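To start, the structure itself, in structure tokens.
As the structure is a computational prediction, the values presented were derived from the model and not from experiment.
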Amino acid sequence: MDSDLLSSFGGKIVKLKGQSEDLKQDNTIPCELIQDDAYCYYVHEKTNVPSDRFTRLKEIIDVKAPFILVCRSEGFFLAPEKLDNNDNENSLNFVTARKKSSRSSKTSSNGDQSTMCGSPLKLDIIADLSVFDGDSTSGASVHVDNSYTLKFGLKLHKARKILSMYSHLFSSLKIEGAGDKIIESPTLITICDGENINSVSSMSLEPLFDKVNNFLGVKITETRSEPADTKICHMKRSSKFSSGEVLCSAKYDIFSENVTGGVSQIDAQGLLSLELEWKKKAGESLVPLHDPPLDSKAKVNVQVTSGDIRSSAFTLYQELEILGSIIEGLTTRQVNWIGTPEHPLIDSVENLVEQLKVGHDIADCKLETTTTVDEYNIRFDCGLIEDRKDLDFTDLLWKILQNCTSSADLVEAFNYIILELRKGDLQPRIHTHNVTTIGQTVRDSYRGQMRAPNMSHTAPLIYLAEIGCQKLTQDYIQAFLNGNLVSMSHFDYYLAGNLELEDKLLRLQKLHNALEMIILLKQCLHLPHVNLSECCQFMLKHYEIHAIDPNHHFTFDVPTSCLSNAIQNFPATEWKAKGVKLVANISERLVYHFTVDPPFDWLKIKTDERKSNTSSDDHEVLYHLTIVKDSVSILS
């Protein structure tokens, strides 16, 4: 190999590593142009790249930072929506590929892991004969779709050349003064365009060293991506792994915003997925995409998004939002009043007072509906949410006063109530745990010691926020206790006294998130009561020490037998089989990874138009197959 070329390449690698150390705190990825249109990036441990493309690559290859990535375009680390339209490939519609002869085949038809061969240290002399430009060679035409591909991938022969140079840096150590630094360099990944007979989408090289940093050899990882096909077709692919055990896993997205592969899902907000793992014995025939056995380890991943109108907790959510607006108004002096002038608020207050005066029990008082939800849309009703029968006077007041149209409306209502309490004709019920200002005023009126509360400035808003917090706290507690999910001891944190209104609101929001979670788990997965109780207790404990994070995923272990209904009704969105064997005490993998969504958006292999994932029920779900294969080569 050209020593000058090798020296230049090694120098750029060393330079990238040095830049990476300087830029770790800036979340910047250093880059060098190493060949014509090949860009080299050094990705360190703290790099945070908001790109699904980058995340997906790391997950499939199973590589950890730091590592070096080589691709064709500078836009690889950008999110898809930020890419320039000029990044679309404008190449020919068809690529002519020569068929692979049986004599030159290096891999067996059954994909046996042990059949991988070829020295990675001699990659510089291996010609890429799988793709030919022009019409001089006869062969199969592979249809290429250029409407959605991005020009990130290198030609396979160029990727092999770069890997070969990287390998030579360690085998020959000819870089002056850079030997020690090069030894510390991580895995190098090259992005390929897939326009080759094996549809190679990436190749990577990991240098191997012994305990005293002596260079041992390399591990080459090849990733192949095959066109999408039906589950039935994939299940005909019977493969035996040469490793002792094969670890299988499957993922089911019950609902998720990220899955676009035409998989039927529950129409809901947030995320709910199942992940299962199990093992297959050595030598046992493996049928891809088979259902997980009952002895699998299963866990549920949930991310709650409150505010779904179909949830039985939506009315509580509406009240919580109104309360939040009122408490925020104490600071901003602006409240988003939801009432309408067509229905004077004072009329509803007078109606309540008159009912109580004539001896009606509070539970029998009839109030106009303040929040409306289309009953047809309530799909997540699991029996936890019921109208509370033990409402006291301030609870009923909240149900009316949350519909105020202005501060003047609120003051008028409170003044009317104070006036009626002074007369002595109105003596409504107040719970002993009611510590609101209005509640204490009512108690004082029982003994003829009532003092009219202050109605100036923001005081009326404070009184309204207090009764709202009081009412909603009891609503949430009843919901959990009705389902026998927890005991009162689990609410010590949420019932703590002497809290500011803002803190009370935050704790109510935590209770609401936990309630929404249990509703989803019960309605969508039909989990047994004991599992729901464990999940509920875990969430309440979690929120005692953690703030609400809308992006946080809760994970719960559950018995696989409890998920059989979901597994039968929803197709797997991911399915993987992984076999590992040891070569000189170094792991060598063979992975079959099936996904409903295309694994990489830079590939140029198009699925038959008759076989495409769609939301229509007339089409069977298709799976993209990605094969990850390691090859370890040790120097003698």
Side-chain angles (χ1 to χ4, degrees), residues 56-63 100 105-117 189 192 194 196-204 219-253 259 261 263 274-293 296-297 567 571-583 587-600 603 605 607 611 613 620-632:
R56 196 68 173 152
L57 176 68
K58 287 201 303 180
E59 290 176 349
I60 292 179
I61 298 180
D62 192 19
V63 63
K100 194 172 184 179
S105 176
K106 297 289 184 180
T107 57
S108 63
S109 59
N110 63 4
D112 193 312
Q113 192 176 12
S114 62
T115 60
M116 299 174 60
C117 59
I189 303 171
C192 304
N196 47 76
I197 199 65
N198 288 325
S199 302
V200 176
S201 50
S202 73
M203 291 188 72
S204 60
K219 179 196 290 187
I220 293 287
T221 301
E222 180 184 82
T223 304
R224 293 190 294 152
S225 301
E226 299 191 3
D229 213 333
T230 63
K231 177 179 179 179
I232 295 177
C233 291
H234 282 306
M235 291 184 74
K236 297 177 181 178
R237 180 194 298 266
S238 180
S239 302
K240 287 187 178 181
F241 289 74
S242 58
S243 61
E245 284 185 329
V246 178
L247 178 63
C248 299
S249 62
K251 180 181 179 182
Y252 296 80
D253 287 293
V259 177
V263 176
L274 315 177
E275 294 183 10
L276 299 96
E277 290 186 354
W278 66 99
K279 293 181 179 179
K280 300 287 286 186
K281 296 179 180 180
E284 185 177 354
S285 179
L286 179 70
V287 179
L289 295 169
H290 69 266
D291 291 339
S296 305
K297 294 181 180 180
I567 293 174
T573 50
E574 289 190 37
W575 196 98
K576 182 166 64 174
K578 175 183 176 181
V580 179
K581 71 175 183 179
L582 294 179
V583 176
S587 63
E588 192 176 78
R589 300 169 300 162
L590 173 61
V591 182
Y592 287 84
H593 195 163
F594 298 87
T595 57
V596 294
D597 290 330
F600 307 123
L603 296 183
I605 301 174
T607 303
K611 295 181 178 180
N613 276 327
E620 185 178 353
V621 174
L622 303 181
Y623 289 93
H624 300 262
L625 172 59
T626 303
I627 302 175
V628 181
K629 192 179 289 187
D630 290 339
S631 177
V632 174

* Structure fact -> Between Met203 and the options Ile220, Thr223, Thr221, the side chain to side chain contact (heavy atoms under 4.5 Å, CB included) test singles out Ile220

* Is there side-chain contact between Arg56 and Asp597, with heavy atoms separated by less than 4.5 Å? -> no

* To do: Could I get the full list of salt bridge (Lys or Arg N to Asp or Glu O under 4.0 Å) partners for Lys279, not counting sequence neighbours?
  => Glu245

* **Student check: side-chain heavy atoms of Phe600 and Ser225 closer than 4.5 Å** => yes

* **Contact check, side chains of Glu588 and Lys219, non-hydrogen atoms, under 4.5 Å** => no

* To do: Could you tell me which residues satisfy side chain to side chain donor-acceptor pair (under 3.5 Å) with Ser204, sequence neighbours excluded, listed by chain and number?
  => none

* Asked: Going from OG on Ser201 to CG on Asn196, what distance comes out if it is rounded to the nearest 0.5 angstrom?
  -> 9.0 Å

* Might you point out which heavy atoms bring Pro292 and Ile567 nearest each other, and give the distance in Å? => CD-CG2, 4.2 Å

* To the nearest 0.5 angstrom, please state how far the OG1 atom of Thr626 sits from the CD atom of Glu226. => 8.5 Å

* Identify the two heavy atoms, one from Val200 and one from Arg224, that lie closest to each other, and give their separation to 0.1 Å. => CG2-CG, 4.1 Å

* Asked: What pair of heavy atoms forms the shortest contact from Ser587 to Asp630, and how long is it?
  -> O-OD2, 4.4 Å

* **Any Pro598 side-chain heavy atom under 4.5 Å of Leu603 side chain** => no

* Would you call Lys576 and Glu59 a salt bridge, using N to O less than 4.0 angstrom? -> no

* Structure fact -> Across all chains, not counting sequence neighbours, the ring-ring contact (aromatic ring centres under 6.0 Å, His included) partners of His593 are none

* Structure fact -> Closest non-hydrogen contact found for Arg589 with Ile61 is NH1-O, 3.0 Å

* Asked: Is the shortest side-chain N to carboxylate O distance from Lys297 to Glu277 below 4.0 Å?
  -> no

* **Gap separating the NZ atom of Lys231 from the NE2 atom of His290, nearest 0.5 angstrom** => 10.0 Å

* To do: Examine distances only and state if a side-chain atom of Tyr623 and a backbone atom of Ala572 form a donor-acceptor pair shorter than 3.5 Å.
  => yes

* Nearest 0.5 Å, what's the CD1-CG distance between Ile232 and Leu289? -> 11.0 Å

* **Reported OG-to-CD1 distance for the pair Ser202 and Ile60, which is rounded to 0.5 angstrom** => 8.5 Å

* To do: Taking the side chain as every heavy atom from C-beta outward, state whether Pro571 and Val596 have any pair of such atoms under 4.5 Å apart.
  => no

* Asked: Does some side-chain heavy atom of His234 sit less than 4.5 Å from a side-chain heavy atom of Trp575?
  -> no

* Heavy-atom side-chain contact between Cys248 and Lys280 under 4.5 Å -> yes

* Measure the SG-CD distance between Cys233 and Glu620 for me, rounded to the nearest 0.5 Å. => 8.0 Å

